[in-house]
Amino acid sequence: MRTPQHIVGGGLAVLFLSPLVWAAVASVSPQAGTAQTSGWGLGNYETLANYQAGIAQYLLNSTVVSVLTVLFTLGVSLLGGYAFAMFRFPGRNLLFLVTLAILMVPYATLLIPLYVLLNDLGLQNSLVGLALVLTMFQLPFAVFMMRISFEAVPKELGESALVDGCGSFRALLHIMLPAVRPGLITVGLFAFLAAWNDFITPLVLISDSDRAPLPLAVANMRQQVMGIVDYGATEAGVVTLALPCILLFLALQRHYVRGFLSGALKG
């Protein structure tokens, strides 16, 4: 009975993996106009490694931005989701709807006002400012995910902690936090992937090439002398960008699926 499902699943897997496999093959295959003109090798990766500030600097920039975005998103969404799920206060549902309404605003339209605001705060052309902006774009989904994760936990668990003398914050840290770990991992993974792969936001907010994250550096590297595109180095950049995301997803996929299922069952 499951054979058709396996066939469809395998076909979709091949369909989605084929562009990445093609990019990996193209990054090491010989191509005219690239560093790898003959034979198979890593010439395109050498071009990528030596581009301007070096791939190590761009990887560091992307890592700093992604880690800060994950930490900021987890911290705010954890407290916000806990408050929306566990406390009753006037206007709670209205405030929650306003938070979700941010998803309906195209984030590209907010970049210019955010650019002006960050410039006034001294955070324009800063990795911290970039992480704060990316966190803002992630918060609506993150708060929603954490609220349904907390609501899926039996209320008796939190009430028993309060009866035993725990305060609200202590109950959150010691009792509720382990129970919503799949939701936290899901939110963190989403935030990391969004920050790691984002291109438009650093394009607008980062003006110093040495502070550019890897997606922006790869896009800048495409345009070479006389307008010729170095496709080999570009494919090497695509593989380098995709590899951390694939490894992280494979390592956390069990918690990721569990976090979505807990929210789906609650909904």
Side-chain angles (χ1 to χ4, degrees), residues 48-49 51-82 102 107 110-111 114-115 117-118 121-146 149 172-173 177-178 180-221 236-260:
L48 177 65
Y51 176 72
Q52 290 188 357
I55 190 174
Q57 182 63 47
Y58 298 129
L59 282 173
L60 177 62
N61 294 341
S62 290
T63 301
V64 170
V65 171
S66 300
V67 170
L68 288 177
T69 301
V70 170
L71 293 177
F72 293 158
T73 303
L74 289 179
V76 177
S77 64
L78 178 67
L79 298 176
Y82 183 67
I102 300 175
Y107 80 94
L110 302 176
L111 290 179
L114 288 173
Y115 178 91
L117 176 62
L118 291 178
L121 296 175
L123 293 175
Q124 190 272 330
N125 195 32
S126 165
L127 298 182
V128 176
L130 177 59
L132 289 174
V133 172
L134 293 173
T135 299
M136 185 197 72
F137 295 147
Q138 289 299 307
L139 281 181
F141 167 78
V143 172
F144 169 78
M145 190 69 199
M146 292 313 304
S149 296
L172 169 64
L173 292 180
L177 188 59
V180 298
R181 184 175 61 178
L184 279 174
I185 292 177
T186 302
V187 168
L189 185 58
F190 258 85
F192 178 86
L193 295 178
W196 183 268
N197 294 307
D198 193 272
F199 170 74
I200 296 180
T201 307
L203 178 65
V204 175
L205 300 181
I206 300 297
S207 56
D208 189 349
S209 60
D210 292 341
R211 298 182 182 180
L214 187 57
L216 186 57
V218 171
N220 292 334
M221 185 183 62
V238 170
V239 174
T240 304
L241 274 170
L243 192 57
C245 299
I246 294 174
L247 295 177
L248 188 62
F249 181 81
L250 291 177
L252 300 176
Q253 62 174 334
R254 180 180 303 177
H255 302 283
Y256 173 81
V257 174
R258 190 180 302 168
F260 264 114

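Positions are given from 1, in the same order as the sequence printed here.
In terms of heavy-atom proximity, Cys245 sits nearest to Asn197 at SG-ND2, 3.8 Å. Here the shortest heavy-atom pairing between Gln124 and Ser207 reads NE2-OG, 4.0 Å. Counting all heavy atoms, side chain and backbone alike, Asn61 lies closest to Pro213 at CB-CA, 4.1 Å. Here the shortest heavy-atom pairing between Pro215 and Trp196 reads CG-O, 3.2 Å. When all heavy atoms are compared, the tightest approach of Gly237 to Val218 is CA-CG2, 3.9 Å. The two atoms that bring Asp208 and Ile206 nearest to each other are O-CG2, 3.5 Å, heavy atoms only.
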**OP:** Might you work through the side chain to side chain contact (heavy atoms under 4.5 Å, CB included) test for Leu74 and Leu78, ending with a clear yes or no?
**Re:** CA-CA 6 Å; Leu74 289 179; Leu78 178 67; 5.8 Å; no

**OP:** Take Asn220 and Ser209 through the side chain to side chain contact (heavy atoms under 4.5 Å, CB included) test and state the conclusion after the steps.
**Re:** CA-CA 9 Å; Asn220 292 334; Ser209 60; 5.7 Å; no

Subject >> Pair Thr201-Leu114, side chain to side chain contact (heavy atoms under 4.5 Å, CB included): steps then yes or no >> reply: CA-CA 10 Å; Thr201 307; Leu114 288 173; over 6 Å; no

Subject >> Evaluation steps, side chain to side chain contact (heavy atoms under 4.5 Å, CB included), between Leu130 and Arg211 >> reply: CA-CA 11 Å; Leu130 177 59; Arg211 298 182 182 180; over 6 Å; no

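The structure places CG of Leu111 at 9.0 Å from CG of Leu203, a figure rounded to the nearest 0.5 Å. Between atom CG of residue Leu193 and atom CZ of residue Phe249 there is a gap of 8.5 Å, rounded to the nearest 0.5 Å. Note that CZ of Phe72 is 13.0 Å distant from OG of Ser77, once rounded to the nearest 0.5 Å. Leu134 contributes atom CG, which lies 9.0 Å from atom CE of Met136 (distance to the nearest 0.5 angstrom). Distance check, rounded to the nearest 0.5 Å: CG of Leu205 to CG of Leu127 gives 11.0 Å. Interatomic distance, Leu48 CG to Leu214 CG, rounded to the nearest 0.5 Å: 6.5 Å.
Side-chain atoms of Tyr107 and Ile200, non-hydrogen and from C-beta on, do get closer than 4.5 Å to each other. Inter-residue side-chain proximity for Gln52 and Tyr58 is flagged as met; some heavy-atom pair is nearer than 4.5 Å. Between Leu118 and Ser126, every side-chain heavy-atom pair lies at or beyond the 4.5 Å cut-off.
Within a 6.0 Å sphere centred on CG of Leu71, heavy atoms belonging to other residues, nucleotides or ligands number more than 12. With a 6.0 Å radius and a threshold of 12 heavy atoms from other residues, nucleotides or ligands, Phe192 has its CZ atom above the threshold.
A side-chain contact (heavy atoms from CB on, under 4.5 Å) with Leu68 is found for exactly one of Thr73, Val128, Thr135, namely Val128.
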